[in-house]
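The structure appears right after this line, and notes come after that.
For clarity, every value in this text was computed on a predicted model and none was experimentally measured. For the numbers below, each heavy atom of this structure counts, side chains included, while hydrogens, waters and symmetry mates do not. Counting from 1, the numbers follow the sequence of the chain as shown. Each ligand, and each atom within it, is numbered from 1 in the order the structure gives.
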Amino acid sequence: MTESLLDDLQTSVAEAIAAVTDAADIDALADIERSSLGKKGFVVSAKKAVGTLDPELRKSTGQAINEAKVQLDEAIAARRSELGRSARSAQYEGERMDLTEVPAGASVGHAHIVTQTWDVLEDLFVGMGFRVVEGPHIETDWHNFDALNIPKGHPARDGFDTMYVNHGEPGSTLLRTHTSPVQIRTMLDQEPPIYVIAPGRVFRRDTADSTHMPVFHQIEGLVIDRNISLADLAGTIDAFVTAYFGAEVKSRLRPNYFPFTEPSAEFDIQRSDGSWLEMGGCGMVHPNVLRAGGIDPEEWSGFAFGFGIDRLALMKYGVDDLRDMFANDQRFLAQF
Ligand code: DAH
């Protein structure tokens, strides 16, 4: 009796395991599970039959049945996860989309002219050995002004129509009025030599007109190394103007005043009609600014420059009114 019970069970388990391995899908697997381990399955019937055995055989037979059940359970679980995996990959395959596919004749759009100009500037300066860095739009008053040698009460502060942010001490936090605070962040962040540019968005309390926007873009340059002179600054500006506008366009430096540079200059470029156009500011980094950035002015010197990206885009694409660039009118944008 015991012999045949265990023999039958073993045969049934072997058959069931073979069927499990062959099960084509989750439903087929569930059928096998039901007929083997379910209420009317052979494992349950075998367990019931144990009660009819001689008492001394019950324990070992019961154990053999449990082992068979465990074996079957494991085979089913393994096949279930295998089927699940292939069902999922079939689903993923079916849901895959070719995002590079563009319907014939569709308009794909293009980068905004400010973005195009920004990209060209980055490429150009990276080609000259500069690294691109970024700073936050919301700045501290210290990074935006004090550290740049513009202490509280300094008249240069009036030149920046600053938008303050309601955070911390009144007047301590603002929307950066220029990209120059990134100079300070970079100096505090890394050891010289430093060769970086920092393009980004800046904010001023300005009314929009043909040449002003309350939100616009600047690019800042900072070089700190040993024995950097005004000649290096002039050479860099000249190399940049030639690369951006072409060899026929000349540049010049004109003395000016900025609190964060000494000496300071405005740099201009010459248009085809011979007239000069103001491009941006530059100069030798003021010792106070180096010190604020944790750099010893006895050992290191440097130059900085900053100019408007929007202004450059305006010139390059012959746009008359700055406001047109930000009105998001497709008829305007599609021209470039
Ligand atoms: N931050 C100045 C502005 O927004 C521009 C500028 C002038 C940047 C001279 C510089 C610089 O780095 O050296 O008006």
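A salt bridge does not link R323 to D209: none of the charged nitrogens lies less than 4.0 Å from a carboxylate oxygen. Comment: R291 does not engage D296 in a salt bridge, judged by the lack of any side-chain N to carboxylate O separation of less than 4.0 angstrom. With respect to the salt-bridge test (charged N to carboxylate O, under 4.0 angstrom), the residues R88 and E93 do not qualify.
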One pair per line, please: each N/O atom of ligand 1 matched with every protein N/O atom under 3.5 Å away, atom names first, then the distance to 0.1 Å.
residue	atom	partner	partner atom	Å
ligand 1	1 (N)	H178	ND1	2.9
ligand 1	1 (N)	S180	OG	2.9
ligand 1	4 (O)	R204	NH2	2.9
ligand 1	4 (O)	Q218	NE2	3.0
ligand 1	12 (O)	Q183	NE2	3.2
ligand 1	12 (O)	E220	OE2	2.6
ligand 1	12 (O)	F305	N	3.4
ligand 1	12 (O)	F305	O	3.3
ligand 1	13 (O)	A304	O	3.2

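Judged purely by distance below 3.5 Å, without hydrogens or angles, the side chains of Q91 and E95 pair a donor atom with an acceptor atom.
When each of D161, T162, V202 is checked for a side chain to side chain contact (heavy atoms under 4.5 Å, CB included) with T177, only T162 meets the rule.
For T100, the side chain to side chain donor-acceptor pair (under 3.5 Å) partners at least two apart in sequence or on another chain are D98.
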